[in-house]
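Here the structure is laid out as structure tokens; the discussion comes afterwards.
All figures in this text were calculated on a predicted structure; none of them were measured in a lab. Each chain gets a letter, A, B and so on, in the order the sequences are listed, and its residues count up from 1.
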Amino acid sequence: MPELPEIETIRRSLQQQVEGCRISAIDIFEKRLRRPVPAGLLHRYIENFVVRLLERRAKYLLFTFDSGAVLIIHLGMSGRLGLFDPRHPLEKHTHVVFKLSCDLEMRFRDPRRFGLIAVQQPGRTSNVLLDHLGVEPLSDEFNAEYLCDRLGKSMRPVKNVLMDATVVVGLGNIYVSEALFAAKIDPCRAAGTLTRSEVDLLVAAIKSTLLQAIAAGGTTLNDFRNGRGEAGFFQQQLMVYQRQEQPCYLCGHSVRKCVLAGRSTFFCPSCQA
DNA sequence: AACTATACCTGCAAGC
DNA sequence: TGCTTGCAGGTATAGT
């Protein structure tokens, strides 16, 4: 489900409780995620070790342990990670339970099983999941100069380039549509035709859209919840996403939907002409 | 080489 | 009511 703001919201909601906690036991109920759950590595390098750091890279949550290993969790489209009282009944599709020394359980639940759990072994620095990733959109590396270079002379729709994780990470279908609206750029525009001032606007729009969504605790369209089970509020600020056939809040023109990069794309044909 | 379409999986809403 | 269909926020990979 979640894009960068939702993952960052989950990270912040878990950090206090999880950092400094020991994982006392790991129960695996379903190994068939996007890749098989690495039971052996979890028991060897994660179980009975203490979480030192909970960070985010792209849409991955990274738990660094005092064993030197890193637990990598991705939530795919329908994944959830939350803290529960051990007495709370297990919800359907709960695949892995991490029992914490603080007497809580961190439960991974994912009906569609597009998520994944992986372990980077102690001493390893390269990782097949992370190595190819582009820059973080909220970092200083993501600026107009960088994006101009990556847009190049490409004829691809600008939306497709922004969804490309080797260019910039963390933007999914919701926030790309919203950021392009904020920058008043047509998602179909050939990437190479954007002017420098349009790229300036686009970079600023991406950063501010993501920051506003994080401040709102993410977007809860159907079932997103943070680590404490709380919904987000950014859905109240969506300008175009899933608003096809409804009037644009700025100009009143009907919002349109098209398909780009195989996914629904929402835009105002008047504001983003 | 650059790019797009497809597959992975379950749940849900809409339509019949 | 109950069936079928289409669609859903992500990513890797097969194919053009």
message = Under the criterion of centre distance below 5.5 Å and interplanar angle below 30°, is A:Phe114 classified as stacked on the base of B:dC8?
response = yes
remark   = By nearest-nucleotide position on DNA chain C, the 5'-leaning member of A:Ser264 and A:Ala165 is A:Ser264
query = Can A:Arg107 be said to sit on top of A:Phe84's aromatic six-ring, NZ or CZ under 6.0 Å from centre and within 45° of the ring axis?
reply = yes
message = Of the listed nucleotides (C:dG9, B:dT10, B:dT4), which one gets closest to any side-chain atom of A:His93?
response = B:dT10
ask   = Using a cut-off of 4.0 Å on non-hydrogen atoms, how would the nucleic acid contact of A:Tyr241 be classed: base, sugar-phosphate, or nothing?
value = sugar-phosphate
ask   = Distance-only, no hydrogens or angles: does the A:Glu30 side chain make a donor-acceptor pair with backbone N or O of A:Arg32 under 3.5 Å?
value = yes
message = Regarding C:dG10, can its base be found pairing with the side chain of A:Asn173 as donor and acceptor, where the two atoms are less than 3.5 Å apart?
response = no
ask   = Within the modelled atom types, does a donor on one side and an acceptor on the other bring the side chain of A:Arg113 and the base of B:dC9 under 3.5 Å apart?
value = no
request  = Classify the nucleic acid contact of A:Asn222 as base, sugar-phosphate or nothing, counting any heavy atom under 4.0 Å across all strands shown.
outcome  = base
ask   = Hey, is the side chain of A:Arg263 pairing donor to acceptor with the base of C:dG10 inside 3.5 Å?
value = yes
query = With respect to the side chain of A:Pro111, which nucleotide from B:dG11, C:dT11, C:dG9 is positioned closest?
reply = B:dG11
task = Determine: side-chain N/O of A:His132 to OP1/OP2 of C:dT11, distance under 4.0 Å, yes or no.
result = no
